[in-house]
Amino acid sequence: MRRDRALPVRKEAIMRVIRSWAIEHGQGPTVQQNGAGVDLSSTNSVAYQLGRLEARGLIGRTVRGLELRPPG
């Protein structure tokens, strides 16, 4: 999947949550914390969105939570 295409609103909101959480807490949020940040109560829905972002190379998963990946 191409990285240069604009993200849908939901995925952009998830990216903002990851970015702001990492700045505030020094590490990325968990799936549940990310879902709460974008008002998604279903962890399956959050996991699907995160999987799509990961497939595009925009995020990575760690043992603790999520991290943004630099472009390129």
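Quick note: residue numbers are just sequence positions, from 1. None of these values were measured; they are calculated from a predicted model. Both backbone and side-chain heavy atoms feed into the values below; hydrogens, waters and symmetry mates do not.
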Checklist line | Student check: side-chain heavy atoms of Asn34 and Leu40 closer than 4.5 Å | finding: no

Notebook entry, point to check: Which residues satisfy the salt bridge (charged side-chain N to carboxylate O under 4.0 Å, His left out) test with Arg61, sequence neighbours excluded?
Noted result: Glu54

Margin query: So, using side chain to side chain contact (heavy atoms under 4.5 Å, CB included) as the criterion, who are the partners of Ser42 when residues are at least two apart?
Written below: Asn44, Ser45

Item checked: Distance-minimising heavy-atom pair for Gly35 and Val46 -> CA-CG2, 3.5 Å

Margin query: Let me check something: do Trp21 and Ile14 share a hydrophobic cluster, defined by ILVMFWY side-chain heavy atoms less than 4.5 Å apart, either directly or through other members?
Written below: no

Checklist line | Least distance between heavy atoms, Arg10 atom then Val38 atom | finding: NH1-O, 3.1 Å

Next item on the list: Can you sort out the partners of Arg19 under side chain to side chain contact (heavy atoms under 4.5 Å, CB included), two or more places apart, ordered by chain and number?
Entry: Met15, Arg16, Ile23, Leu68

Item checked: Side chain to side chain, Leu50 and Ile18, heavy atoms closer than 4.5 Å -> yes

Notebook entry, point to check: Are the side chain of Gln33 and the backbone of Thr30 linked by a donor-acceptor contact shorter than 3.5 Å?
Noted result: yes

Check: If you take all heavy atoms of Thr43 and Val31, which pair is closest and at what distance?
Finding: O-CG1, 4.1 Å

Check: Mind checking whether Leu7 and Leu53 have side chains closer than 4.5 Å, heavy atoms only?
Finding: yes

